[in-house]
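Scroll down for the structure; my scribbles are underneath it.
FYI, side chains are in, hydrogens and waters are out, and symmetry mates aren't considered; it's all heavy atoms of this structure. Each chain gets a letter, A, B and so on, in the order its sequence line appears, and its residues count up from 1. Remember, it's a predicted structure, so these values are computed and weren't measured experimentally.
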Amino acid sequence: MSARPALRVRDLTVTFGTARGPVPAVRGVSFDVAPGEVLGLVGESGSGKSTIGLASLGLHDPARTRVEGSIQLGDAGTELVDAPESALKRIRGSRVAMVFQDALDALSPYHTIGAQIAEAYRIHHPKTGRKEALERAAAMLERVGIAAARASDHPHHLSGGMRQRAVIAMALINHPDVLIADEPTTALDARVQHQVLDLIRELQSETGTAMLLITHDVGVVAATCHRTLVLRDGEALEEGPTKRLLTSPTHPYTRALIGAAPTLNTPPGTRLPTVDDPKPKPRTKARLRTAPDRDRGVLAEVRDLRVDYPGRRRARPHPAVKGVSLHVARGETLGLVGESGSGKSTIARVLAGLRRPTSGEVRFDGRDISGAATSTRLRRELSRYVQLVFQDPYASLNPRHTVEQIVTTPLRIHTDLDAARRRKRAAELLEQVGLSASHLSRHPHEFSGGQRQRIGIARALAVQPRLIIADEPVSALDVSVQAQVLNLLMDLREELDLSLLFISHDLAVVRHFCDRIAVLKAGELVEVGLRDTVFDAPSTPYTKELLAAVL
Amino acid sequence: MTRYLIKRVAQAVAVLLAISATAFGLFYAAPSDPALIACGPKCTSAQLAAVRTSMGLDQPIVSQFTDYVGGIVTGRTIADVDGTPIPCPAPCLGYSYSLHQPVLAAIEDRLPVTVSIAVGALAVILVLGVGSGLAAALRRGRATDRLLSGFNLLGASVQIYFLGYVLQLLLVYSTGLFAPPRYVPFTTQPAQWALGLLLPWLVLGFVNAAVYARLTRSQMLETMHHGYVRTARAKGLGTLRTHLKYTARGAAGPLVQLLGLEVGALLGGAFITETVFGLGGVGKLAVDAVNGNDLPTVVGTVLLAAFFVVVFVAVADLVVAWLDPRVRFA
Amino acid sequence: MAAVSVAHAFRRDRFGIVSLGVVGFFLLLSAAAPLVAALYGKNPTEHYGQNETGLLSPEGLPLLPNGGVSAQHWFGIEPGLGRDVLTQLLYGMRTSLLIALASAAVVAVIGVVVGVTVGYLSALVDRAFTFVCNVLLAFPALLFLITLGPVIQTRFVGPGEDEPAWMQFAVLILVFSAFGWVPLAMVLRTVVRSLREREFVEAARALGASRRHIVFRELLPNVWAPVLVHLTLAVPAMVTTEAALSFLGVGINEPIPDWGRMISRGSDVFYDDPTYMVFPGASLLVFVLAFNLLGDAVRDALDPHTVR
Amino acid sequence: MPVFTPRATAVPALATAAALLLCSCSAGAGANTGADKARNSTAAKSGQRLTATLGTAKDSQGPAPEIPGARKGGTVNVANEADFPHLDPQKIYAGERYSTSLLWGRQLTQYQIIHGRPRLVGDLSTDTGTSSDGGRTWTYHLKNGIAWEDGKPVTAQQVKYGIERTFAPGFEVGPTYWQPWLTGTKDLTEAVKKYGGPKKDGDLEAIETPDDRTIVFHFPQPQSDVPYMASQSSSSPVRKDKDTGTGYDVKPFATGPYKIVEHKLNKSLTLERNPYWKPETDSIRHAYPDRFEFTFGKAALNTAQEVFNGQGTGATTLTTKDKLPPELISTVERDPAKRKLVVSGSQGAYTQDLYIRNDRVTDPEVRKAIHYLFPREQARQVLGGRYAGDFATTLSSPAVVGWKKYDLYPVAPTGDIAKAKEHLAKAKTKVTKLTYAYPTESPQDDQVAQVLADAFAKAGIKLVVKGLQPGAFNDQIFGGEDSPYDLFLSTNSVDWPTPSTLLPLGYESHLDAVSNNTRYSNPQVDKELSRIAKIGDAQKKAEELIGLEETVMKDVPLVPFLYKSISQFRGEKIGGAATHPIYGVPALANVYVKNS
């Protein structure tokens, strides 16, 4: 480590000009990153972490953004704040490079990855010929684990992991002094995330590049960063070596942030700490039910379920679920785990009567409901007992409806309550999910993500269903909010004696929340069993692999 | 790709068939008898009947239609008013009894005028519309943007028949700044060709440019939000080059599609422009045919206009597919 | 986005406010045309220039300068017949607005019903719809409009009868609607198709909602923004198309005042009497400009992506 | 019956009529300002109406007398909005086309114009024809040295073939005189039953060609107007080997000074010199320019602007069909330089009248009422004031041989509503609604309709005005027997400047609507007409017909409106442009390009 840091940020303040006046996104943040060091910037959405990343490259729209303070680069201490565009152009991509979160979005769909990487090289080596640049690009692709032959592929032909590797290759082709990685692995499945993080670390330590890793995931920080800076509402809360920060955080927010996300060591079913309630009291009656009450009987089941998606044009149909048999017992919470494309959401939609199975049996309470997707009447009956909670709390609420309309819609459909009664019931429901009756007349966009998810839960509870299917209900939420929602769901489960089908890609959350676990891989059931059995003694290599990838 | 092409062509043929059937049915219901027009005002009823027979108007409309479509594919022989057989080789769009020539020949005569108008107008649209849209997007929110947007809004609001006359009278006949609008073949006098059509080009282009300016601007602004544009800048690419290489490419799709439609429509004849500037192109032919109740020419020009639209929309689709590999391989 | 914030966004748009004012002024004028004409003491059909001496030359051109602008006739008189230009403009605006607004209403109904339904329904319906749209888009609409008027007139009006005014209007409204619904329906189809993929529709299905409920209660409230934008921009488009038809000689017949016919006539006498073309031409320009500005302002207010 | 000898100088009656005829109506209109005085100078010219004399064999010898100052060479551009509907000589049937087709086509006789005066002389023929047998036989001899554009000589058989063609189907659009005359039948329908054209019935015996240069017509009944008919385009020769059927309508084969090089319908027509035309055979055509380039499709107003401003080819352009746009009249009046470029004059023997369907408006009192309420002044104002013509009181034009002025029901030009109401009160049945049809060719047509509706409304009659597409208008007004319209404005002319075609072919009750446009029916008139038809002496016949005209007009079958004037325009460099006194358009055969 040299005397001067590779990146030196002092009193950085970034203000956005909006229609409603200036809004500060970053307030007086200072930090250093030494060569070869990895600094983690951790925070929830709106904490300003990505803004710092963009400011370091001067990528903000100058017309709408004011950047104050100082960002200095390397030994020479080149000042980036208020530097002329021509100077920034020379620095971008050569001395400071960036890896963005969504590789599909970050790569041009119109050019081959080889050409895009070669371009990154040629911009800063203008004397290089096109051919030579392409050769270098191919070599760089090989280095990040992509066959050179694929250089002529367009991004949409690559898998998510490969795309992210390509983006990394592009960022590193000029051996930058500083690499800024903004949520580089968030969109990836756990196993791929692991691989990509390993790759970044490997390359970074190989070249001695200083790295700023921006993430919301404490797990990622723990696995990758030397030091960590915690951000909240644009301000730096706490900074220190990662290990110290994780084990003995000084700030309560840091503590909550670390504790909010369940890990594989968190006692299952316990109340999770949140920012408002950093040290929750243990539950009055801890749910440690590891053995399901078999005698309570099967509520919903699929047997030998096959679902094919019709192929585009005349292509062969693509199977999403290939012969899965599962059941949810009364009062039980079944966790459905798998990577993207494993068919878990399809199974949920079949059980909710939204998708017609290609073959196999689907029963609810002993009744065949496989035709619900095509029969409005049957689906209506089914929906009296089965309700869904969706992943995206914004998309699943009609933006043009008020909360009252949203929550009372199931009541209109399934009950003959009059408007006043429906309103009263809606108010009750809102109280039940931790909102107030005064929210009834508002629209969804006036709420935060967590509140919206509560509204979704209230809607699902309105007709007092017997089974709730929750499809990734917390994966779009910040960790602290995720904890709140999980806490709420656990409370409601106790109060209302609900049966749940809980779908998630996050093994730690599933372990924390569910009684029984089913593991899916590419449309097939890999393993199913009691929570502790699956987690403590996984019987298949795939499950083991999944567990190993959990950070 | 081959399958896509075949499907596209089949679709186009079906659309054209539907249009020709509609046009045929509609104009069949038109007010006065085409036979009477061909026969002249001093026509006796016996002669009229003979003319009707030779024109095939006594046949049921369905068989007239199938004859017509057959003629397009294989060509056919049409009887003139006096029974003289007139060969009409494929693609036969019928025979005009008012013009005494096959409709296709009449169209071929006027097509150079229409094509010339279209080419120039398109150039103006591209420069004025797409160009100012690009400029406005790159300088969004600034004076340039406002000025260009205002200018284009004016273009969108003004009418060809108002602007065309005013400019013609002011710039041509009062001051002589512009040459009087006329058509001379490009092949013989290219300079005169351009001079004679300059004013129609500018007017038609200006009036149509607004849509493109607006679309270009909004497409550019929308595409600018894409991650890959930011990536390009993060690589160290200059702002202008980024927008020309990445943003413009992403923004091009809808523009190309609209342009395809526009080119098709322009080639089908710019009715009002040709009327205002007294240029005898396909549009004027069509309007004259409608007024003169020259049924074969009306149907022919309708089909031609539709043909161009269908073809250029398809071409635009192919260009979009070429521009965007995601579409190409879908 | 709530209506409140839309109104708020709109209020901040100076051009929007001004254009709304101009459009409102035009609407008011045309609604109150008989009243204004009565106060002003002229009507749009009387041949003042022919019935009074000293207004028109033997060749039929206004004797007074500037198209015969005088204390009697504020905007001058029409060459030839000598009708009052101001009242002609007022009543001509009524003609334009009546046709445009009525067509817009029909277009809105057809476009919304077809667009939303097609957007929500199966692929087969969608294919049929796409085909119809392709046909209508490739159809030379203007040529069709020129031809259709006389066809309808001869089919439905006795030769010895006047074509009733309502029928002339109805024919124009009909033909405008016949083509006008296509773009709206296509836009809505796309909007609904993307809405359909949104989870709240799935959520409604999961709640057991019927198709009717989904189309009318869940989808419709989400399409009013594109509909509103489309219609504010469709009204000026229809006004100009109507004027274009009149210009080509197939619009509304004499003696019902009409802007397009005035411009057409004005283009003939522009050299000798530019005033007569300038008034309707400029009125149309201002009218359409105001409507386009209003349309833009509405679009901007409704569209969160717009960068001003 | 005395032998009619046209060669004997001229018929005295015609000679008197050849004097200048000044219409009395134009005075008094308009305020007496200085500008108006200037206007009157142009307008006065429009009142000149001339009739044709018959020329001698000597007059028929070429070349045509030189026009002082004329120069050979150059290209004349002719711009018209519309193309000629027909070029086939046997289909051409309108003054403007007659005049233009002189450039490439030649007929047996033709009008020679000297100092603006028309004289009928031999064209292909050595004279205007010799009759014998009381007008039943007419003989023509072709001049020497007349050739087609390929150098082959024009023969009598080719003239005969041309006339034979007029019997064939498809030629109804042309004039229909040869057919009944040569077959001795009532009308064309009857005539074609006897002889159906050369393709169907071969040789027409009524025309004899004893040798290549002599042609003899044999008419079953005496005919007095053969020299005039021989000047019609349908009396042009056609070569069998060049007869391309309908193609001949686009590009006929030339005998005149020019040949057609290219004809793009509705776009352009290009003429170049015919090397085989010899000026010494032609006393009518001058053929000064080297080329004529016709363009079609440009709006008259645009052409006018180019011509008056000398832009583009404007300086060498003139129009033969496009009239001076009424919109430009006052501009032209103001600017003497532009006024010079207006070519105006009497439009042949054309009259514009308000036609009344007598079978629909049967009560003469109602027709009289229409006569009184008709707002002539207002309607003419819309049409361009005096430029449109002079107010008419007679059925026939002053350009017709033997014309006499009469005014049976005098009325102020602005109409007399009170008088109209009086007559309406006298009518047996009360009329509250009438229909008026008009072809929508220009905005002026709409305006005239409004003027009429306004005036009729004042008299308590609702006038339903129907603008029709020109095609539909012709179809519905002239095509059917049961036209639903009561009134229409129409501009018409006798086919040649004698009265012999006007009443017999337009007001005889047995004629169909195509000929008898007003469906006029008066047994007394019918009787008179059949008596007059038997008169072989041209002069006596003319006098009798002019006398009968007043009887017809007492019944008000139509309302006389205007003796048409026409104003066209020419570029600054076009010389010799003057309105042809018979055809009523600038005579192209006399124009030249001035030295620059």
Heavy-atom closest pair (A/I468 atom, A/A460 atom, distance to 0.1 Å) is CD1-CB, 4.4 Å
Residues of residues 347-355 of chain A with a heavy atom under 4.5 Å from any heavy atom of chain C, in residue-number order, are A/R349, A/L354
Smallest heavy-atom separation, C/V239 atom then C/A100 atom, equals CG2-CB, 3.6 Å
query = Are the aromatic rings of A/H439 and A/F447 close, with centres under 6.0 Å apart?
reply = yes
Do C/L136 and C/F179 have side chains that get closer than 4.5 Å, going by heavy atoms?
-> yes
*Heavy-atom neighbours of C/R127 CZ exceed 12 at 6.0 Å*: no
Heavy atoms of A/S441 and A/T402 approach each other most closely as O-CG2, 3.7 Å
_Are A/F16 and A/R64 packed together at the side-chain level, in the sense that at least one heavy-atom pair is separated by less than 4.5 angstrom?_
no
Under a 4.5 Å heavy-atom criterion, the part of residues 403-418 of chain A in contact with chain C comprises A/T409, A/P410, A/R412, A/I413, A/H414
ask   = Side-chain donor-acceptor pair under 3.5 Å between A/S504 and A/D506, yes or no?
value = no
Filtered by a 4.5 Å non-hydrogen cutoff, the part of residues 380-389 of chain A contacting chain C is A/R380, A/S383, A/V386, A/Q387, A/L388
Per-residue tally against chain C (heavy atom, under 4.5 Å) across A/V463, A/I469, A/N398 peaks at A/N398
inquiry  = Quick one: does any side-chain atom of A/D478 pair with a main-chain N or O of A/S45 as donor and acceptor, under 3.5 Å?
reply    = yes
Do the side chain of C/H213 and the main chain of C/A204 share a donor and acceptor less than 3.5 angstrom apart? no
A/V433 and A/R454 have their tightest heavy-atom pair at O-NH1, 2.8 Å
Sorted by chain and residue number, the salt bridge (Lys or Arg N to Asp or Glu O under 4.0 Å) partners of A/R442 (sequence neighbours excluded) come out as none
Residues C/I173 and C/I99: closest non-hydrogen pair is CG1-O, 4.0 Å
